[in-house]
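The block underneath contains the structure these notes are about, expressed in structure tokens.
Count residues from 1 along the sequence. All of these numbers come straight from a predicted model, not from anything done at the bench. No hydrogens, no waters, no symmetry mates; every other heavy atom, side chains included, goes into these values. One-based numbering, in listed order, for ligands and for the atoms of each.
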Amino acid sequence: MCGIVGYIGKRDAAPLLLEGLQRLEYRGYDSAGVAVSGKSGALKTVKAKGRVRDLESRLPKRFAGTTGIAHTRWATHGAPSDDNAHPHMDPDGVVAVVHNGIIDNAPELRAKLTADGVEFASETDTEVLTHLIARSEADSLEARVREALARVEGTYGIAVLHASFPDRIVVARNGSPVVLGIGENEMFVASDVAALVRHTRQVVTLDDGEMATLKAGEYRTYTTEGSRTSGSPTTIEGEAADPGAWDIGGHEHYMHKEICEQPDAVDRVLRGRIDDRFATVHLGGLGIDAREARGVRRVKILGCGSAFHAGQIGAQLIEELARIPADAEPASEFRYRNPVVDPDTLYIAVSQSGETYDTLAAVQELKRKGACVLGVVNVVGSAIAREADGGMYVHAGPEVCVVSTKCFTNTAVAFALLALHLGRVRDLSVADGKRIIAGLRRLPAQIAEILSAEEEIKKLAHSYADARSMMFVGRVRGYPVAREASLKLKEVSYVHAEAYPASELKHGPLALIEPDVPSVAIVPDDELLEKNRATLEEIKARHGRILAVAHAPQEAADDTIVVPHNEPELDPVLLGIPLQLLAYHAALALGRDIDKPRNLAKSVTVE
Ligand code: F6R
């Protein structure tokens with residue numbers, strides 16, 4: 001949420017910063033800005049409401065400077081506007097600050113500064129920091145930033161330029177990611193490696209409470225109290241290290257690219273993990289041995305949005321294959337309800353970005369109470385991955401579209417692996433282990449088969465896109481699929497959608513069914529098929545239009561998307577795929593901004 005990028009070196013900073021902002025635009029896209037320091041050290045800044053391209057069109061021809069910081073914003077305090085865009089400067093134009101996160105005590109600090117005669121140019125919490133730094137009389141920029149940070153409460157990732165200290169950028173982190181990119185006689189900083197991989201693979205990820213000073217030929221890291229930290233660089237590895245993986249390829253939208261990548265992505269999450277001999281899987285990073293795995297009495301899965309839905313699929317898989325009671329809960333709820341933490345429960349935090357603040361806060365609360373927490377995470381080295389006691393990466397590769405598709409699918413498959421592992425150290429038979437492994441291996445080709453029906457799904461999407469509202473229903477294994485499909489449709493097409501357990505329909509929501517409120521029903525060919533068919537009849541009797549996603553055409557439905565059979569436990573992975581395409585094509589037909597839906601941003605790093 002919000003993107004920061006900074007550069008110090010010998011090259012012209014502005015083009016590098018703009019390119020970095022474009023890479024980070026998925027983190028926030030309501031306004032953007034850039035500041036550079038010219039030869040004399042004087043700071044110049046340009047800001048614009050709207051997208052990075054709006055900022056670009058405003059940049060004067062002469063905007064030279066070899067040091068600069070830039071920002072793409074997702075509004076928290078103050079509506080999107082030129083004034084509220086970052087960088088924020090003091091009235092003398094001496095300090096420029098870009099900030100991700102929220103300063104909780106900004107109102108009190110603003111009141112004090114106003115009483116001291118400071119005039120604010122924006123409604124943002126960030127501007128408070130700018131004035132605090134500008135008013136500090138400490139000897140160094142580092143000390144000035146440190147002094148200001150000591151007065152703020154809240155979360156931040158910041159980068160600061162100061163006209164009196166033109167040879168450096170000072171950055172700090174507390175709760176919002178800051179990554180340094182180490183180049184040859186040049187240094188970068190960003191809130192996300194997406195902006196760095198084209199320039200360097202050597203990175204230093206700051207910890208909370210850490211700061212850094214970047215100069216063209218050197219950097220150093222230290223705590224907010226001033227003691228040196230090691231700051232040793234690591235190499236970006238895996239899918240994220242390939243600059244091409246961040247490109248849109250030949251696709252019109254990242255969402256389409258990421259949906260189409262799923263056969264390969266699922267292949268990656270399976271690769272190197274299957275053990276045919278013992279009909280199980282190896283998950284090296286879990287950090288719990290067979291005895292400990294046998295001692296787990298409950299599993300509690302925590303995540304937000306699509307990650308929560310993938311967790312719901314995970315909970316069912318763990319119950320079915322390992323026979324351990326399991327459930328999923330939104331991390332955003334869990335962390336606020338003073339949860340009872342049980343030593344025999346295995347807690348699992350799920351996140352694509354590994355940065356979602358609510359999920360991270362839930363992990364921290366659990367760890368404080370002594371729980372064992374695993375992470376099921378996509379972004380390698382992210383905060384949740386580092387905070388967890390162990391876990392597994394889902395290897396979906398970079399997900400750039402704000403709405404999650406391939407990571408949701410890979411997370412569900414990762415949970416199938418975990419469930420198989422837990423099952424095989426408990427009572428799951430070799431035969432069942434082999435059956436699930438065979439099913440897992442079929443998934444990539446089956447996903448490709450579903451994707452090959454895109455034209456047909458597109459036609460359906462066009463015929464359902466003008467719905468006033470849509471109802472998504474599923475039962476047991478189908479319910480998380482319905483929830484995820486409903487979320488996908490509403491966030492990308494803005495068509496209102498509700499998801500209900502099919503069994504709950506008659507307890508109230510059936511009142512909504514009428515011809516212009518179609519239903520999407522998840523109807524797998526499992527032991528609940530007849531129950532699901534009865535639901536279709538109930539909808540039909542109320543003149544509701546029905547699109548079924550099923551293993552065979554459904555008589556009561558107006559349309560059916562047929563998906564291939566896998567093993568019943570793994571069917572949820574496949575049943576959701578056509579509904580990603582449905583959401584995509586409905587959004588396209590409605591002319592939506594698919595990769596950057598209104599009001600949203602990827603990586604929700606604020607509470
Ligand atoms: C939905 C979506 C969001 C995220 C949620 C959690 O398409 O993208 O609901 O799933 O904000 O994000 P992560 O997985 O990064 O923790």
Side-chain angles (χ1 to χ4, degrees), residues 1-2 26-29 74 175-177 191-192 194 240 253-256 258-259 262 301-314 328-335 348-363 373 375-388 391-412 414-415 472 480-481 483-494 497 499 576-577 579-584 587 592-607:
M1 196 155 260
C2 297
Y26 69 114
R27 299 180 70 95
Y29 34 85
W74 185 85
S176 288
S191 45
D192 184 320
H253 300 98
Y254 276 102
M255 182 175 181
H256 191 258
E258 289 160 9
I259 290 173
Q262 291 178 109
I301 302 170
L302 302 163
C304 297
S306 295
F308 161 57
H309 298 153
Q312 286 190 303
I313 294 180
E329 184 179 338
S332 45
E333 284 287 296
F334 176 85
R335 59 174 289 228
I348 305 178
V350 189
S351 179
Q352 187 288 126
S353 59
E355 280 176 33
T356 299
Y357 191 80
D358 283 322
T359 312
L360 180 61
V363 172
V373 190
V376 175
V377 173
N378 191 37
V379 175
V380 176
S382 55
I384 293 171
R386 294 196 296 162
E387 193 86 28
M392 57 190 296
Y393 285 117
V394 306
H395 295 304
E399 196 177 63
V400 175
C401 177
V402 164
V403 305
S404 184
T405 51
K406 63 174 177 171
C407 188
F408 169 81
T409 302
N410 266 39
T411 305
F415 270 115
F472 286 76
V481 177
R483 290 191 68 146
E484 174 60 10
S486 153
L487 174 63
K488 220 79 311 175
L489 182 77
K490 72 184 124 198
E491 63 186 340
V492 73
S493 74
Y494 320 150
I577 306 278
L579 297 174
Q580 298 173 341
L581 281 175
L582 188 85
Y584 173 75
R592 305 305 190 214
D593 193 348
I594 291 187
D595 286 332
K596 298 184 182 74
R598 67 182 181 202
N599 307 337
L600 303 181
K602 210 160 179 73
S603 305
V604 184
T605 54
V606 294
E607 288 184 78

Q. Where is the tightest heavy-atom contact between Ala601 and Arg27, given as atom of each residue plus distance?
A. CB-O, 3.3 Å

Q | contact_flag Lys488 ligand 1 heavy-atom lt 4.0 Å | A | yes

Q) Quick one: nearest non-hydrogen protein atom to atom 3 (C) of ligand 1, plus distance? A) Ser306 N, 4.1 Å

**Q.** Val402 N/O under 3.5 Å from ligand 1 N/O
**A.** yes

Q: Identify, by atom number and element, the atoms of ligand 1 in contact range of Ala307, meaning under 4.0 Å from any of its heavy atoms.
A: 10 (O), 14 (O)

Q: Could you see which bit of Glu355 sits under 4.0 Å from ligand 1, with heavy atoms only: side chain, backbone, both or neither?
A: neither

Q. Would a distance-only check, ignoring hydrogens and angles, find a side-chain to backbone donor-acceptor pair under 3.5 Å from Glu258 to Val400?
A. yes

Q | Check against ring pair (Phe, Tyr, Trp, His ring centres under 6.0 Å), His256 and Tyr584 | A | CA-CA 7 Å; His256 191 258; Tyr584 173 75; 5.1 Å; yes

Q) With Glu484, which of His309, Gln580, Gln312 fulfils side-chain hydrogen bond (donor to acceptor under 3.5 Å, both in side chains)? A) His309

Q: Consider ligand 1: state whether an atom of it lies below 4.0 angstrom from any non-hydrogen atom of Leu600.
A: no

Q. Who's the nearest protein heavy-atom neighbour of atom 7 (O) of ligand 1, and how far?
A. Glu491 OE2, 2.4 Å

Q: Find all atoms of ligand 1 within a distance of less than 4.0 Å from any non-hydrogen atom belonging to Gln352, and give their numbers and elements.
A: 13 (P), 14 (O), 15 (O), 16 (O)

Q | Top protein contact for atom 6 (C) of ligand 1, by heavy-atom distance | A | Cys304 O, 3.2 Å

Q: Please round to the nearest 0.5 Å and tell me the distance separating atom CD of Gln352 and atom SG of Cys304.
A: 13.0 Å

**Q.** For Tyr29 against Leu600, the heavy-atom pair lying closest together
**A.** OH-O, 2.8 Å

**Q.** Heavy-atom closest pair, residues Pro398 and Ala240
**A.** CG-CA, 4.0 Å

Q) Which value, rounded to the nearest 0.5 Å, describes the distance between Thr405 atom OG1 and Asn410 atom CG? A) 10.0 Å

Q. Can you tell me the protein heavy atom closest to atom 13 (P) of ligand 1 and the distance?
A. Thr356 OG1, 3.2 Å

Q) Closest non-hydrogen protein atom to atom 11 (O) of ligand 1, residue and atom name please, with distance? A) Val604 CG2, 4.0 Å

**Q.** Heteroatom proximity flag, Ser353 to ligand 1, N/O under 3.5 Å
**A.** yes

